[in-house]
Number of protein chains: 4
Amino acid sequence: MARTVNKKLRDERRRKILDAATVLFAQHGFSQSTITQIAKAVGVSHATIFLYFPTKDDLFQAVILEPLDTTKKLYLSLMSQGNSPLERLHSLVRGQIHRSLYNATYLRLVQYALGQPERFPDIAKELNHYVNRFVHDIIPIIEEGQRMGELSPGDPFYIAWAYFSYYNGIGMCYLEPNEESINELVKNGLRIFGPVEKVCNYD
Amino acid sequence: MARTVNKKLRDERRRKILDAATVLFAQHGFSQSTITQIAKAVGVSHATIFLYFPTKDDLFQAVILEPLDTTKKLYLSLMSQGNSPLERLHSLVRGQIHRSLYNATYLRLVQYALGQPERFPDIAKELNHYVNRFVHDIIPIIEEGQRMGELSPGDPFYIAWAYFSYYNGIGMCYLEPNEESINELVKNGLRIFGPVEKVCNYD
Amino acid sequence: MARTVNKKLRDERRRKILDAATVLFAQHGFSQSTITQIAKAVGVSHATIFLYFPTKDDLFQAVILEPLDTTKKLYLSLMSQGNSPLERLHSLVRGQIHRSLYNATYLRLVQYALGQPERFPDIAKELNHYVNRFVHDIIPIIEEGQRMGELSPGDPFYIAWAYFSYYNGIGMCYLEPNEESINELVKNGLRIFGPVEKVCNYD
Amino acid sequence: MARTVNKKLRDERRRKILDAATVLFAQHGFSQSTITQIAKAVGVSHATIFLYFPTKDDLFQAVILEPLDTTKKLYLSLMSQGNSPLERLHSLVRGQIHRSLYNATYLRLVQYALGQPERFPDIAKELNHYVNRFVHDIIPIIEEGQRMGELSPGDPFYIAWAYFSYYNGIGMCYLEPNEESINELVKNGLRIFGPVEKVCNYD
DNA sequence: CATGAATGAGTTTTCATTCAT
DNA sequence: AATGAATGAAAACTCATTCAT
């Protein structure tokens with residue numbers, strides 16, 4: 001019983017540490033964020049951090065890799081909403097871009113780590129797995145869309161990567177997040193998948 | 001005469017320092033790259049670095065900002081090659097993506113700095129100027145393409161930003177650079193501008 | 001309890017650092033004394049010093065300014081011992097000169113800082129306060145002595161400053177400290193106050 | 001002939017260096033004054049300084065010790081002006097205090113070096129010679145004054161030292177230099193020699 | 001003779017990490 | 001379990017000094 005309570009407290013504190021670290025790492029980068037800063041943000045002693053994460057590198061790794069599961073579930077959910085492939089892609093694009101504009105912190109951190117693979121090799125490897133799985137998961141939808149004539153032809157693998165690049169790049173653009181900007185970025189992002197213009201068909 | 005020689009030697013060494021710093025900063029980030037490492041890469045004492053750049057920050061700034069002029073000239077040149085707007089965009093996209101795949105180091109560094117605007121505010125400001133100018137320079141071509149019917153309608157401002165995001169995001173994808181990947185990324189990138197499918201017209 | 005012990009240990013160590021720093025700063029000056037030297041003298045790591053004083057400047061300032069309170073209490077006590085003004089001045093002069101000869105280290109340090117007001121402006125300002133208070137405290141005694149006929153007339157303000165100069169200057173003389181030298185320096189220092197020669201009166 | 005001209009130029013430049021160094025050393029202390037600063041003040045390259053003084057220490061030593069001859073001549077001249085011993089002491093005290101208030105730079109430097117004998121042992125030794133000679137030179141005047149009844153009795157050796165202390169201490173007092181302050185400091189300084197009050201005698 | 005370039009030794013300061021309580 | 005104290009390993013930056021021109 002006591003153990004359960006303790007476990008709960010531990011998990012809660014662990015979470016707090018991860019959250020604070022996410023914000024600080026995203027804002028100042030890895031080296032410029034100190035364990036003491038993070039501890040202060042959480043309201044514990046810096047030594048306590050080491051009770052939860054053996055090294056600063058481990059903390060950084062956890063900050064970046066642990067949310068990946070949730071993120072994966074999110075995109076899987078997004079890409080299952082809608083009937084036609086195009087609708088599902090639309091749901092995905094809108095969901096991701098919304099997140100990328102309104103909830104940029106974590107994404108920025110992922111990009112930070114992704115941009116320095118020599119420095120964070122383990123993290124980069126794991127992130128690559130994740131990206132590859134994402135590409136792997138989106139390809140069937142693209143293929144289905146092309147088969148159904150909703151999407152113009154094109155190598156689905158590269159289209160998936162192209163979209164991923166687009167999604168990644170948005171994180172660095174600092175466009176003001178509002179209805180308009182999101183709508184436009186969604187529309188333009190969808191273009192990468194080559195949606196067949198209905199206008200055209202009815203000419 | 002002696003002065004000329006000296007000036008030349010100085011410039012040469014300055015360049016070497018910038019080159020070595022570019023690589024190291026891109027690989028390990030700002031804080032994790034030490035002046036001593038850079039000096040060793042150049043083959044001089046660490047104190048020598050400070051003869052050319054008063055602080056590490058100055059060196060970093062120079063590494064990122066000094067190439068911007070050349071880069072701007074490059075994209076201006078690229079976007080003037082071709083007759084129709086679409087041709088010019090094609091030239092631009094191909095040129096930039098080629099550079100982004102084959103010459104990724106500098107681009108990665110730009111993204112590194114762009115991703116931490118609170119930490120490198122001066123650099124971020126300057127980079128934003130640059131990006132805004134790029135957007136400003138590409139918009140007229142988009143508009144012309146739309147007027148001529150080569151491009152589908154759409155807000156040119158957001159289209160420009162969308163393409164820029166795409167271009168930026170490619171730097172983090174680590175696709176193997178070859179004919180095929182470049183062709184595909186170019187094709188998919190161009191889609192953002194909404195090229196009107198000829199196939200369609202002749203239906 | 002533990003807190004009390006800790007506090008005590010901290011204070012003790014803080015004191016040790018201040019003592020070691022006093023000696024080293026007095027011997028080699030500020031710039032030539034290194035934190036590492038001080039740490040070694042105390043028997044701790046150099047990083048420990050920074051746990052007690054955030055910067056070297058702060059340490060220097062503490063070394064000089066913190067004893068001022070005690071010093072003030074000392075001179076106030078000295079100048080209250082004795083009945084007549086002359087007796088009290090005698091007590092003061094003897095006490096200060098004794099200290100200046102037998103306990104020269106701190107005084108030298110004060111002079112070192114006092115001699116470089118542009119370099120240590122905060123310290124110099126604080127020291128000036130102290131000196132002005134000293135002058136202010138001694139003036140009433142001089143006035144009383146003059147009124148009572150124990151002292152020859154003369155502007156008490158300048159007499160106070162003259163004595164203070166004398167006291168200060170002794171710190172640089174490196175006379176061997178013994179009964180004789182102290183007696184003589186006291187006698188000659190007292191002359192600044194213009195004691196009326198008894199011999200004279202009984203002529 | 002050329003040699004003579006060169007010699008003259010060299011001496012002139014040497015003098016300029018010493019002058020600039022005097023000011024800077026007095027203002028910022030030894031370690032905080034850099035060779036480059038001095039060179040800039042003189043208008044030459046820092047490397048040039050080393051053509052005139054092999055090391056920074058040598059320069060410092062020259063700055064302090066070379067003027068001693070002149071200073072000695074000055075005090076000898078001052079203490080020979082006047083008929084009676086008291087008059088001559090008066091001339092000396094007035095001259096020195098005037099110099100100490102209006103021309104404080106060099107004096108401050110001497111005190112700076114005098115205050116750190118462990119750090120500048122050679123300079124301190126030389127300065128001690130100088131002080132001893134000064135004491136030695138002033139003692140006969142005191143003795144004569146005492147013999148003539150102009151001065152109260154007292155060990156001339158300690159009186160000489162007492163006056164020297166007074167003179168030294170004035171350098172750190174930062175009293176505003178003007179007619180009044182000088183007059184008062186001279187008057188009070190003279191008291192150290194124990195001038196017999198005429199008033200008294202004629203009672 | 002004068003100097004600009006180069007450097008190595010040294011100094012303050014930071015910080016992740018360990019440990020005793 | 002939590003923490004305050006301690007530290008050693010860096011790292012940026014400075015500066016006297018040397019040397020080639």
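A, B, ... follow the sequence lines: proteins, then strands. Residue 1 opens every chain.
In this structure, CD1 of Ile38(C) is placed 11 Å from P of dT13(E), rounded to the nearest angstrom. Rounded to whole angstrom, the span from the NZ atom of Lys40(B) across to the C1' atom of dA10(F) amounts to 13 Å. Glu12(A) places its CD atom 12 Å from the P atom of dA2(F), with the value rounded to the nearest Å. Asp11(C) has its CG atom 17 Å from the P atom of dG4(F), to the nearest Å. Atom-to-atom, CD of Gln32(A) to P of dA12(F) comes out at 11 Å; the value is rounded to the nearest Å. Residue Ile17(D) contributes atom CD1, which lies 10 Å from atom P of dT3(E) at whole-angstrom precision. Remark: P of dA10(F) and CD1 of Ile35(C) are 21 Å apart, rounded to the nearest angstrom. For His28(A) and dT14(E), the NE2 to P distance is 16 Å, given to the nearest whole Å.
Between Thr48(C) and the phosphate of dT7(F), there is a side-chain N or O to OP1/OP2 separation shorter than 4.0 Å. Distances shorter than 4.0 Å separate none of the side-chain N or O atoms of Arg10(B) from OP1 or OP2 on dG4(E). Distances shown here put every side-chain N or O of Arg13(D) at or beyond 4.0 Å from the OP1 or OP2 atom of dC1(E). For Tyr52(B), no side-chain nitrogen or oxygen approaches OP1 or OP2 of dA5(E) to under 4.0 Å.
Between Lys7(C) and Glu12(C) there is no salt bridge, since no side-chain nitrogen of the basic residue lies less than 4.0 Å from a carboxylate oxygen of the acidic one. Comment: Asp11(D) does not engage Arg15(D) in a salt bridge, judged by the lack of any side-chain N to carboxylate O separation of less than 4.0 angstrom. Using a cutoff of 4.0 Å between basic side-chain nitrogens and carboxylate oxygens, Glu118(B) and Lys125(B) are not scored as salt-bridged.
In the set dT14(E), dC19(E), dA16(E), the nucleotide with an atom closest to the side chain of Phe50(A) is dA16(E). Checking dT17(E), dG8(F), dT13(E) against the side-chain heavy atoms of Ser45(C) singles out dG8(F) as nearest. Of the listed nucleotides (dT11(E), dT3(F), dT3(E)), dT11(E) has the atom at the smallest distance from the side chain of Thr34(C). Of the candidate nucleotides dC13(F), dT17(F), dA6(E), dA6(E) has the atom lying nearest to any side-chain atom of Leu51(B). Residue His46(C) places its side chain closer to dT14(E) than to any other of dC13(F), dT14(E), dA6(E).
Ser31(C) comes within 4.0 angstrom of nothing in the nucleic acid, heavy atoms only.
In this structure, the ring of Phe25(A) has its center no less than 6.0 angstrom from the ring center of Tyr112(A).
Between Val44(C) and Lys56(D), it is Val44(C) whose nearest contact on DNA chain F lies nearer the 5' terminus. In terms of position on DNA chain E, the residue among Ala47(C) and Ser33(C) whose nearest nucleotide sits closer to the 5' end is Ser33(C). Looking at which nucleotide of DNA chain E each of Gln37(C) and Thr36(A) is closest to, the 5′-most match is held by Gln37(C).
The pairing partner recorded for dA20(F) is dT3(E), the criterion being a Watson-Crick or G-U wobble arrangement whose two distances lie under 3.5 angstrom. Checking dT12(E) for Watson-Crick or G-U wobble geometry (two distances, each under 3.5 Å) identifies dA11(F) as its partner.
You'll find the side chain of Gln116(D) stays beyond 4.5 Å of the side chain of Gln27(C), heavy atoms only.
Heavy-atom minimum distance, His46(C) versus Ala39(C): CA-CB, 3.5 Å.
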